Structures are given as C-alpha cells and as structure tokens.
4 protein chains.
Amino acid sequence: MARKLVPEQHESKRREILAAAHRCFLRHGLQGASVAVICNEAGISPGHLYHYFPSKEAIVEQMADDYLAGLHAHFARHTQGEPVATVLLSELWSMEGWDDLAHCRILFELLAEGGRNDKIHAILQANSEGVRKLLAATITAGQQRGEVDPGLDADQTSAVLLAVLDAAPMLPLMTAGLDFESCRALITTMVGRFLRPQ
Amino acid sequence: MARKLVPEQHESKRREILAAAHRCFLRHGLQGASVAVICNEAGISPGHLYHYFPSKEAIVEQMADDYLAGLHAHFARHTQGEPVATVLLSELWSMEGWDDLAHCRILFELLAEGGRNDKIHAILQANSEGVRKLLAATITAGQQRGEVDPGLDADQTSAVLLAVLDAAPMLPLMTAGLDFESCRALITTMVGRFLRPQ
Amino acid sequence: MARKLVPEQHESKRREILAAAHRCFLRHGLQGASVAVICNEAGISPGHLYHYFPSKEAIVEQMADDYLAGLHAHFARHTQGEPVATVLLSELWSMEGWDDLAHCRILFELLAEGGRNDKIHAILQANSEGVRKLLAATITAGQQRGEVDPGLDADQTSAVLLAVLDAAPMLPLMTAGLDFESCRALITTMVGRFLRPQ
Amino acid sequence: MARKLVPEQHESKRREILAAAHRCFLRHGLQGASVAVICNEAGISPGHLYHYFPSKEAIVEQMADDYLAGLHAHFARHTQGEPVATVLLSELWSMEGWDDLAHCRILFELLAEGGRNDKIHAILQANSEGVRKLLAATITAGQQRGEVDPGLDADQTSAVLLAVLDAAPMLPLMTAGLDFESCRALITTMVGRFLRPQ
DNA sequence: TATGAATGAGGGTTCATTCAT
DNA sequence: GATGAATGAACCCTCATTCAT
C-alpha cells in the first residue's frame, strides 16, 4: 500500500518539475532556461532531474504537450450547445491558472521553436488539430442551426479563428497602454460579424 | 573620396553580418545561434565581429529593428488612397525577399524574446506603434469616406487588425495541409465584414 | 539449515553481480562501465549493490582476482606429469566459458589498470606469481627428465613463457585475417624449440 | 612571412597538447584522464583545447596513431642488412624518449580500448600491419640468406614475433623483482632458436 | 533484502568575448 | 581592417555513493 503510492509520488514530482520548468521557460526562454536554473526552481539537485526526465529536450516537449492539451481541455468543456461565437472566445481569456502574459509567451516560444524543431512542430500541430476539429464541428453545428454563414468552409474558418484566438496575446506585447478588455470585446465583435449569415 | 567610401564599406559589412545573423536566427533561434555560427555564415573571424557590433545582444536588437522597420516600410508604401481591406492585407503575403515561414519564425522569436527582454520589447512596441498609427489613419480615413463602420474605435481596431495580420503566419505552423491562399482570402473576408458599416 | 542457506544465497548473488560486472567491463572498460549499467545488467537496484560490495573499486578488484585465479586454477589442473610444451600451451586456448577475445580484453584492461593502480598491480603480481611458480616447477621437472635445456633459468624462463602465453590474444586484435590455429601451432613450435636441450 | 609561421605554431601547439594528453593517459588511463586534467597539464584553458581537437576522442585517436607510428618508424630504421634476431628485438628496449613502463602501459590501454572501439581497433591494426610487413620482409630475406628456417611462414611468424615483442612489457608488471635485462636476453635466445634453420 | 529517490562533484563541450598580432 | 588564439564560466548530463523506506 505504501508501495502503491510510489508511482504516484513519482508522477507528482514530475508535475512539480514541469511546473518549475514552465516558470523558468517563461523567465528565460526555452533555450535560455538552463537545467541548473530549473532544478533550483524545482528544489532538486541537478543530477536528480534525470530520474524524472531523460533530457531537457524531453521536459520541453512534455511541457509543450501539457500546456497545449490544457488549452484543448478547457476549450472542449465549453463546446456543447452554446452559441458559437461565445464558445469560440471563451477559451482564450478564461483559462484558469494562467495569467494572460504567461499564456502568450509560452505559445510564442513554441511557435518559434516549432519552426525549427520537428518534435515541437508535431506537438503543436497535433494539439492545434484537436482544438481546430472541435471548432470546425461547432461551426458546422452553428451552420445547421442557422447561426453561422453557410458559405464558410468549416475547416478553413476554424483554422483562421484559431489563429485569431492565439494572436490576441500579442496585443499587450505590441501595443502599450491598451485596454485589453475592450480589445477582447472588439475581437468578439469581429468574429461575430465574420460568422453570422450575411 | 576614397576616404568617404570607408564608412560606406563599414555600413555595408554591417548589413552583410546582419543578414547572416538573420539566417542563423531562423535556423537556430535567437539564443541558439552562436556568435561562432554567425561569423561562419558571414565569412568573418569571431574577433572581427566585434568591430561592427559591441555584443551579440546588439546584433539581435539591430536585426529586430531592421526586420520590423522592413515590415513598416513595406506597409507604408501601400497606404495612400487604396481601399482599406486591400491595404491591410497587402502587407502580409507580398513581402519581398522573405518567404512566409521565415517571416513568421523571426516574428515569433521576437514576440517570445520581447516578453522577457525589455529592449526587444521596446523595439517591438515602437515599430508596432508606427504601423498601427498608419493603420488607424487608414481606418479614420475610411470612416470619413463611409467605407468603415464609424462605431469602431480606430486605435483599438488598428491594434486588433495588426494582431490578426501577424497571426496569419501561425496557420501553416499549426495546421498541416492547409491551403494558405484560401485562408488569406478568408481573412480578407473577415476583415471586410468586420470593418464595413453595419 | 534455512539459516545456513542465507550466507550461501549472499555468496551466490555476489557471483551473479561479479559476472554481470565482468560482462559490462568487457563492453565498456573498467572505468567506462558505470555502477548503473552493472546494476542493470545484474538486475538489481543501484543501492542494493552496496549490500554486496563496498564500492565499485572492490568489484573491480574481486573480479580481477577471480578472473586471474580462474586462469591459475585451469592451468594447475594440467601440470602433473605432462610434456612441458603441452602444459604451457593448454591454458591459453582451452579455457572454458571464455571466448578468446573476451579473455584478452579483460587481461589488457587489467594490465593497463595495473600500471597505475597499486591494488590491481598487486593482484596481478600475486596471481601471475602463482602460475609462474607452477611453470617454473614444470620446467625444473622437465630439466631433470632431460626434456628441457638445463641451461635455462627456471624463474626467468617461466616469466618469459607466461608473457608469451598472455601475448597470444593480441594476435587477432593487431592482425586481421589471421589463422589463429596456425599461429597457435607456431607458438607451440617456438616454445618447443626454445626449451629443448641444445 | 610572419603569417606563414601561424600554421606551424598551430601544429606545434597540437603536439604539445598531444604530449600532455599522453602523460595524462599514462597516469589516469584513456577514459580516466579528463579533459580538465589534460588542459591543466598542457597549460591551456579547458575551452581552448577545442581549437586544436574536435573532441577528446580525436585526441586519443591521434595519440594512438602517433605512438604506434613512432614504434613503426623506429623499427623501420633498423631493418636493413642486420642479423634477423637483432633487428627484431632492437625495437622494444631501445625506443628513445620512452621509458619502458610508459611504453607498455599505453600499449595495453590501446589493446583494451581496441577491443571495444572500432576506430582504435583500426588504428591498431593499420600500424601493426605496417610493422608486421617489415618483419615478414626481414624474415624472408633471412630465409634467402639461410639465416632463417625456410619452413616458417613469414606472415604468421611475423605476427607471432610482433606479439612476443609487445608482450615483453608485461614482464615487470606481472612479475616483481625480475631482472629485465636477463629476460631480454632470454627472449633474444628464444627468438634465435625459433628462427634458425633446424 | 531490496528499492529508488536524492546528492553534488565532475564529465566533455560550447559560449560570448578579449586581445596580441 | 582582420585574424584566430585564448579565456573561464556555463552548458547538459553522468557519476559513484548514501539513505529513508
């Protein structure tokens, strides 16, 4: 019985390390966060990290997958029977446990890294594809209910909307002194006008 | 006159190095591209680089500024007296000398770096602000000509549109097998529906 | 009696670990074989190894002693009343449970290590001395029987012959495509001509 | 002209480092000698070593090749027109710049390493083959002059003799209190009796 | 007996940068 | 202007070993 707890402890330590790594990646970047810094943040010795992960690379990949799956999971929770535009936009600004800036920065790290690292690229695509299909299904359902312009291709439209959602975190980075809440409302408006039957 | 050429040679060498650095940053990331690799790509010795730039940091900053100013310049050329949506979207897919993927990757590097590096953040904001103001002016002009919904706040709308433009390069990274041309048309449609008077 | 089995189990586990260590030393070298790899090969946990041996060093020493004692034991079995050359050469190529290359490699590891590690050096000398004395006795007996040149010093001759025997495994390492059987016969010839009364 | 010296300086520094590495390998073993120790012995900083060698592995390989080529070169100098046994044995104990123990230890390191490292194995074989062919030619010449038993196969005999030569350094390692000079004479006797016409 | 979590020093290697030439 | 030798801190990772369970 005490025995049975061991794998759970192992898993929970893994998660602690991933969380620590995540914080470090935000502070220093995927490449800039050293194993030493991550271990320090996680409160473990440098060697011990390798009892939980085979390499720093593996940590990055797991973190990427977990982070993106988190987005996915959150989004999936809201897709049942809600008006289309609301659902689409609920994802971005209501993720729990993440402040907006954190969200945006890790995503941009992953987009940058995904451009030159095949594994990250694959993780990015796999997770995006998951959300995108939910989005496409939501759009198709909206079209059947007459809420969405039937002339829009669900696959392409979902891809574009996904990009729009993920672009929102750029706003505070690029433009200072912006009222994020107003911009959020504006994006909601834009998506609403885009989707509604003409 | 021979004298006068020397500073020009200096400047032209600087540009060569920046171009080499840019290629390396695309291949390895801002942090992953080492000074040695950059010098190799530029065909100069490691020590010599420091006759042109005081540090690697300075190279990154100059490259960021040049790259974003390039976007700015390109965009500025097209803003006079053209229909609004055309203007807005001309930037993205017609940049000369850059293939789309390259474009997107450096931008994401900069967004990621900008989240934790104040100088890069400032460069990002300064350049974005330049483009955004052009955009806002275009929108205001459009509103006066009756082409654009007068209810939209020009400042916020321009910021959102800028984010949408910069989000487009995400598409091929996140979704495989996408027809980029169709998505481009879809974005044009979205922006058109967003802006037009209701 | 159940009690009495425990120390035997302990001893048998020790031998298993030594055998595993031996395989690892062949694969990676004395220094290159890590405790982790040895434990893995032996199927035990890293901590548990230290219930059987106080250190990796101790494993190396015990393995060296066992290995060399194995040579000794094998050789000792054949020294009674047989023709000298036969005795001398029986050792090398008929050792059971060892293929020739394995044999040579561990020996060379030990010779290399013995040059800078006093304990290994002592083990090497002690075991060699054991075999050498048997060899010297065989030679002296041969001299008394008139089979061996009485002008040869038994001590020095035995040392030289021991070196010759241990050198044989070099052959396949240094020369490719060699007929080992023919070389073995050639060494027999050499030793025969060396020892016989002139 | 000062320019032309640079590559020579580079080469001379390489040799210094190789010599330092060689001393360290003798003290600590091929695997046991750390890059830090080698750099310390060579009087350079840890990073600087990599301006001269791409890896520690490359240092080992170059050292192996140089060392074995040194044996080769020395031996080649003595093969013309001298009595066979003298030639064969001149190599071992008269090498300049090497004390006997050093000689033996590096050789055993290489034999051990050669058993599990293909590159070292190849270097070992290539160099041995060089010496062995000289030896075979010497034997054939001796057979034609009637100094050597015509019944001996030159290729196999040369291989066996090479092993015997390289085995000599084992003597002081395995047997304490041995008179090396007497053993040397004994080996000369053995080889002489082996080769002479029967 | 047996585990595997934990350590921290040290492994080989790369880094941005400096400086004599 | 231009080189590349030189630095030493820091990189990711592995090591032999200890200890609570």
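As the structure is a prediction and not an experimental result, all values here were calculated from the model. Chain letters run A, B, ... following the sequence lines, proteins first and then strands; every chain starts at 1.
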Over how many whole Å does the gap from [X] atom [atom1] to [N] atom [atom2] extend?
| X | N | atom1 | atom2 | value |
| --- | --- | --- | --- | --- |
| D:N40 | E:dG10 | CG | C1' | 14 Å |
| D:L30 | E:dG11 | CG | C1' | 16 Å |
| D:H51 | E:dT14 | NE2 | C1' | 10 Å |
| A:R14 | E:dG4 | CZ | C1' | 16 Å |
| C:E16 | E:dA2 | CD | C1' | 14 Å |
| D:F53 | E:dG12 | CZ | C1' | 15 Å |
| C:Q31 | E:dG11 | CD | P | 12 Å |
| B:E57 | E:dT17 | CD | C1' | 13 Å |

Is there a side-chain contact between [X] and the phosphate of [N], meaning an N or O under 4.0 Å from OP1 or OP2?
| X | N | value |
| --- | --- | --- |
| A:S34 | F:dC11 | yes |
| C:Y52 | E:dA2 | yes |
| B:H48 | F:dG4 | no |
| D:H10 | F:dA5 | yes |
| D:Y50 | E:dT13 | yes |

(message) For DNA chain F, report each stem as range with range, ordered by first number, or say none. Use Watson-Crick or G-U wobble pairs under 3.5 Å, at least 3 in a row.
(response) E:2-21 with F:2-21
(request) Find out whether B:R14 and B:Q62 are in side-chain contact, i.e. whether some heavy atom of one side chain is under 4.5 Å from a heavy atom of the other. (result) yes
Set of residues satisfying side chain to side chain contact (heavy atoms under 4.5 Å, CB included) with respect to [X], sequence neighbours excluded:
| X | answer |
| --- | --- |
| A:E61 | A:E57, A:K119, A:I120, A:I123 |
| D:R15 | D:E11, D:L18, D:D66 |
| B:L30 | B:F25, B:V60, B:M63, B:E109, B:L110, B:E113 |

(request) Please figure out whether D:G43 or A:P46 has its closest DNA chain F nucleotide nearer the 5' end. (result) D:G43
(request) Write out all pairs satisfying ring-ring contact (aromatic ring centres under 6.0 Å, His included) with one or both partners inside residues 26-48 of chain D, taking only residues at least two apart or from two chains. (result) D:H48-D:H51, D:H48-D:Y52
(request) Specify the residue among D:G32 and A:I44 whose closest nucleotide of DNA chain E lies further upstream toward the 5′ end. (result) A:I44
(message) Pick the closest DNA chain E nucleotide for A:L49 and for D:K56 by heavy atoms, then say which residue is nearer the 5' end.
(response) A:L49
(request) Name the nucleic acid region contacted by D:A33, choosing base, sugar-phosphate or nothing; use a 4.0 angstrom heavy-atom cut-off, strictly under. (result) sugar-phosphate
(message) Counting the atoms with a prime plus P, OP1 and OP2 as sugar-phosphate, which does B:V35 contact under 4.0 Å by heavy atoms, base, sugar-phosphate, or nothing?
(response) base
(message) For B:H22 and B:Y67, take the angle between the two ring planes, folded into 0 to 90°, and tell me which bin it lands in: parallel under 30, tilted 30 to 60, perpendicular over 60.
(response) tilted
Please tabulate, one pair per line, all N/O donor-acceptor pairs under 3.5 Å involving side-chain atoms of residues 36-44 of chain A, not counting sequence neighbours.
from, atom 1, to, atom 2, distance (Å)
A:E41, OE1, A:R27, NH2, 2.5
A:E41, OE2, A:R23, NE, 2.5
A:E41, OE2, A:R23, NH2, 3.1

(request) List the atom of B:K56, the atom of B:V35, and the distance in Å for their closest heavy-atom pair. (result) CB-CG2, 3.9 Å
